[in-house]
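For reference, the structure discussed in these notes is given below.
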Amino acid sequence: MRISIIGTGYVGLTAGVGLASKEHDVKCVDIDEKKVEQINEGVCPIYEEDLPELMEETISNERLEASLDTKEAVRNSEVTFLCVGTPRQEDGTINLENIKKAARDAAEGLKEKDEFHMFVVKSTVIPGTTEDQIIPILEKETGKEVGEDFGVCMNPEFLREGNALDDFLNPDRIVIGEYDEKSGDILEQIYTDFETQILRTSLKAAELIKYASNSLLATKVSFINEIGNLCKELNIDVYEVADGIGLDERVNREFLDSGPGWGGSCFPKDVNALISFMSEKGVDSQVLESVIRQNEDHKTKLVELLEDEIDVSGKRIAILGLAFKPGTDDIRNSPAIDIIEELKEKDAKVKAYDPQAMENMQDIHKDIEYTDSAAEAMKDSHAALIVTHWDEFHDLTMQDLDEMEKPLVVEGRKMDYDILEEHTKGITWP
Ligand code: NAD
């Protein structure tokens with residue numbers, strides 16, 4: 001099929017490359033000129049495993065192309081995926097300006113078409129948005145009628161950054177929220193050779209499934225971090241407890257890895273948006289409010305633990321890992337942001353290293369030192385905090401610790417160092 005993707009970020013680019021690899025002809029549109037230029041030159045604008053290679057392959061096979069022109073991309077395609085950002089606003093609700101603008105631009109292309117066209121909302125939007133905001137824009141701007149002239153589906157994306165391409169190509173499930181059966185059938189065709197279960201729902205249910213999924217995952221992490229705080233007091237290892245809980249099939253072990261708190265572009269935005277939406281509907285959100293509170297308190301727990309060991313004022317502290325998780329350069333809502341802020345407020349001298357995310361962090365924390373390796377960040381430091389569990393941090397040696405002012409590593413992520421054990425402390429384990 002000829003597919004246009006509007007919004008070429010983590011989701012749009014991954015979906016675009018993934019669909020092009022399945023022999024669809026894909027045009028990825030963005031308003032960011034640099035991104036479009038980079039993609040057409042074969043340069044992947046984000047860090048994601050295997051994405052650059054497959055992107056290059058699909059571009060050279062002439063299956064994938066990037067463009068700034070939404071109208072033309074829609075006019076010359078059969079299906080359009082809306083993948084623009086839906087960022088969080090101060091009051092917790094989401095900002096729909098990007099997606100409304102994308103829908104208006106897409107309508108320009110639809111207006112000039114005689115054939116039936118499919119629109120697929122992939123951006124995360126609160127229940128009712130597709131029906132009450134997107135469809136009315138498409139109808140009003142074109143004079144065309146949903147169900148007659150164009151179809152609409154809401155197809156939430158569940159990919160995890162750091163594993164985006166594999167998650168897109170091999171998902172646990174595909175949820176198709178459909179305006180009508182015809183729309184759902186067309187979208188299901190695109191996913192025919194994806195070996196997974198497909199769940200077809202109403203538009204609103206699909207929208208809510210995305211929010212409820214992310215909120216439950218965030219809840220699992222906040223829960224295990226809370227249990228972890230108790231483990232710390234009891235001098236036991238929260239990972240042993242998580243293994244014991246996770247063996248129960250009703251629970252499963254996923255998302256029970258205690259750490260410095262959850263972040264990223266999705267969990268904070270989505271949990272807050274669901275809380276705001278529930279409040280608007282007059283529904284209590286006691287569980288989710290506590291989930292957020294627990295996480296906010298937990299994010300700077302590493303600094304608290306560090307202060308049990310040393311007075312950080314005037315000390316050099318190495319921060320290993322800035323991305324909100326390994327495998328990505330994304331730092332949005334990363335606990336590293338709050339940890340660095342807290343250390344700066346306490347007059348510590350921060351030396352930071354991350355294999356992919358330093359450029360992004362420099363936009364937020366300009367005034368700290370960035371180093372070229374973990375070893376360099378640790379050299380002469382009074383302590384090192386592990387915030388992101390990048391594989392390369394497993395390779396720290398006693399020699400790296402010997403180069404420190406004081407050999408002390410506080411782990412926000414469990415690294416299971418054998419030889420360094422006596423010099424390491426865990427956030428929620430001994
Ligand atoms: P992103 O910020 O990485 O990318 C969004 C892109 O949309 C940007 O490149 C931006 O320039 C572009 N854009 C904005 N307005 C546009 C317009 N009018 N026309 C064309 N392009 C436009 O965002 P993302 O992380 O890819 O997320 C996109 C959506 O998918 C969000 O709703 C998000 O909640 C959801 N989502 C994200 C993830 C994730 O892990 N990042 C996972 C699942 C769902």
Side-chain angles (χ1 to χ4, degrees), residues 85-96 123-129 132-133 154 156-158 160-161 175 204-233 238 241-242 245-246 248 250-305 324-325 330-339 341-342 345 364 387 412 427-428:
T86 44
R88 182 178 160 191
Q89 310 192 105
E90 260 185 23
D91 63 357
T93 59
I94 54 167
N95 185 328
L96 291 176
S123 302
T124 304
V125 290
I126 55 153
T129 306
D132 303 339
Q133 313 254 6
M154 199 284 149
E157 180 52 59
F158 300 105
R160 294 161 297 174
E161 283 179 27
V175 174
K204 263 191 209 152
E207 289 164 332
L208 184 54
I209 285 168
K210 174 67 192 173
Y211 280 106
S213 297
N214 270 359
S215 297
L216 181 58
L217 293 174
T219 302
K220 277 185 100 172
V221 180
S222 281
F223 173 80
I224 201 65
N225 283 341
E226 189 162 291
I227 296 295
N229 290 338
L230 177 62
C231 289
K232 188 78 190 166
E233 288 302 313
V238 67
V241 177
I245 306 169
D248 186 333
R250 293 167 302 178
V251 179
N252 108 27
R253 177 66 180 76
E254 296 286 309
F255 275 75
L256 289 178
D257 289 331
S258 181
W262 43 269
S265 67
C266 290
F267 282 11
K269 169 171 83 74
D270 294 351
V271 181
N272 276 293
L274 186 54
I275 291 173
S276 300
F277 182 62
M278 287 169 83
S279 149
E280 193 191 308
K281 295 286 167 202
V283 177
D284 260 356
S285 52
Q286 297 176 37
V287 172
L288 295 182
E289 282 172 46
S290 319
V291 166
I292 298 239
R293 241 190 353 265
Q294 198 288 333
N295 196 54
E296 285 308 307
D297 288 351
H298 197 74
K299 274 188 192 169
T300 47
K301 186 96 191 162
L302 267 183
V303 181
E304 249 176 67
L305 286 174
F324 83 94
K325 57 146 84 165
D330 198 342
I331 58 150
R332 289 178 281 184
N333 298 293
S334 170
I337 297 173
D338 299 64
I339 290 168
E341 190 60 50
E342 181 99 351
E345 273 168 24
I364 297 181
V387 183
I427 185 167
T428 46

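No hydrogens, no waters, no symmetry mates; every other heavy atom, side chains included, goes into these values. Since the structure is predicted, the reported quantities are computational estimates derived from the model, not experimental observations.
Side-chain contact check for Ser258 and Asn225: at least one donor-acceptor pair (N or O, by modelled atom type) lies under 3.5 Å. Side chain to side chain, Gln133 and Thr129 fail the donor-acceptor criterion of an N or O pair below 3.5 Å.
Contact of the Ile275 side chain with the Glu289 side chain is registered, since non-hydrogen atoms from C-beta on lie closer than 4.5 Å. Between Asn95 and Thr86 the shortest side-chain heavy-atom distance does not fall below 4.5 Å. Considering only heavy atoms from C-beta on, Ile94 stays 4.5 Å or farther from Pro87 through its side chain. Annotation: side chain of Pro156 is not in contact with side chain of Tyr211 (no heavy-atom distance under 4.5 Å). Residues Val221 and Val291 are not in side-chain contact: their nearest non-hydrogen atoms beyond the backbone lie 4.5 Å or more apart.
Annotation for Phe223: atom CZ does not count as buried by contact number, only 12 or fewer foreign heavy atoms lying within 6.0 Å. Dense packing is recorded around CD of Glu280, with more than 12 heavy atoms of other residues, nucleotides or ligands lying under 6.0 Å away.
A donor-acceptor pair under 3.5 Å links the side-chain atoms of Glu207 to the main chain of Gly128, judged by distance alone. For the pair Asp284 (side chain) and Gln286 (backbone), a donor-acceptor distance under 3.5 Å is absent. Here the side chain of Asn272 pairs a donor or acceptor atom with the backbone of Pro268 at under 3.5 angstrom. Lys210 places a side-chain N or O within 3.5 Å of a backbone atom of Glu157 that can act as its donor or acceptor partner. The closest donor-acceptor contact from the side chain of Lys299 to the backbone of Pro260 lies at 3.5 Å or more, if one exists at all. Judged by distance alone, with hydrogens and angles left aside, the side-chain atoms of Ser334 form no donor-acceptor pair with the main-chain N or O of Asp330 at under 3.5 Å. For Ser213 (side chain) and Phe158 (main-chain N/O), no donor-acceptor pair under 3.5 Å exists by modelled atom type.
The line from OG of Ser285 to CD1 of Ile292 is 9.0 Å long, rounded to the nearest 0.5 Å. In this structure, CD1 in Ile227 is found 11.5 Å from OG in Ser222, a value given to the nearest 0.5 Å.
With sequence neighbours left out, the side chain to side chain contact (heavy atoms under 4.5 Å, CB included) criterion links Asn229 to Gln294, His298, Lys301, Thr428.
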With side chain to side chain contact (heavy atoms under 4.5 Å, CB included) as the test, would you mind laying out the steps for Ile245 and Ile224 before giving the verdict? CA-CA 10 Å; Ile245 306 169; Ile224 201 65; 4.1 Å; yes
Walk me through it: do Asn214 and Val271 pass the test side chain to side chain contact (heavy atoms under 4.5 Å, CB included)? CA-CA 7 Å; Asn214 270 359; Val271 181; 5.6 Å; no
Determine, stepwise, if the pair Glu161 / Arg332 fulfils salt bridge (Lys or Arg N to Asp or Glu O under 4.0 Å). CA-CA 11 Å; Glu161 283 179 27; Arg332 289 178 281 184; 3.7 Å; yes
With side chain to side chain contact (heavy atoms under 4.5 Å, CB included) as the test, would you mind laying out the steps for Ile331 and Phe324 before giving the verdict? CA-CA 5 Å; Ile331 58 150; Phe324 83 94; over 6 Å; no
Do Ile126 and Lys204 pass the side chain to side chain contact (heavy atoms under 4.5 Å, CB included) test, and can you show the C-alpha distance, the side-chain angles, and the key distance before you say yes or no? CA-CA 8 Å; Ile126 55 153; Lys204 263 191 209 152; over 6 Å; no
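Minimum interatomic distance between Asn252 and Lys220 (heavy atoms only, all atoms of both residues): O-NZ, 3.2 Å. What you find for Ser276 and Gly92 is that their closest heavy atoms are OG-C, 3.5 Å. The shortest heavy-atom contact between Ser215 and Leu288 is CB-CD2, 3.8 Å. Minimum heavy-atom separation, Val238 to Gly228: CG2-CA, 3.5 Å.
Aromatic ring pairs are classed by plane angle as parallel below 30°, tilted from 30° to 60° and perpendicular above 60°; the pair Phe267 and Trp262 is perpendicular.
The salt bridge (Lys or Arg N to Asp or Glu O under 4.0 Å) pairs that include a residue from residues 257-277 are Arg253-Asp257, where partners are two or more places apart or lie in different chains.
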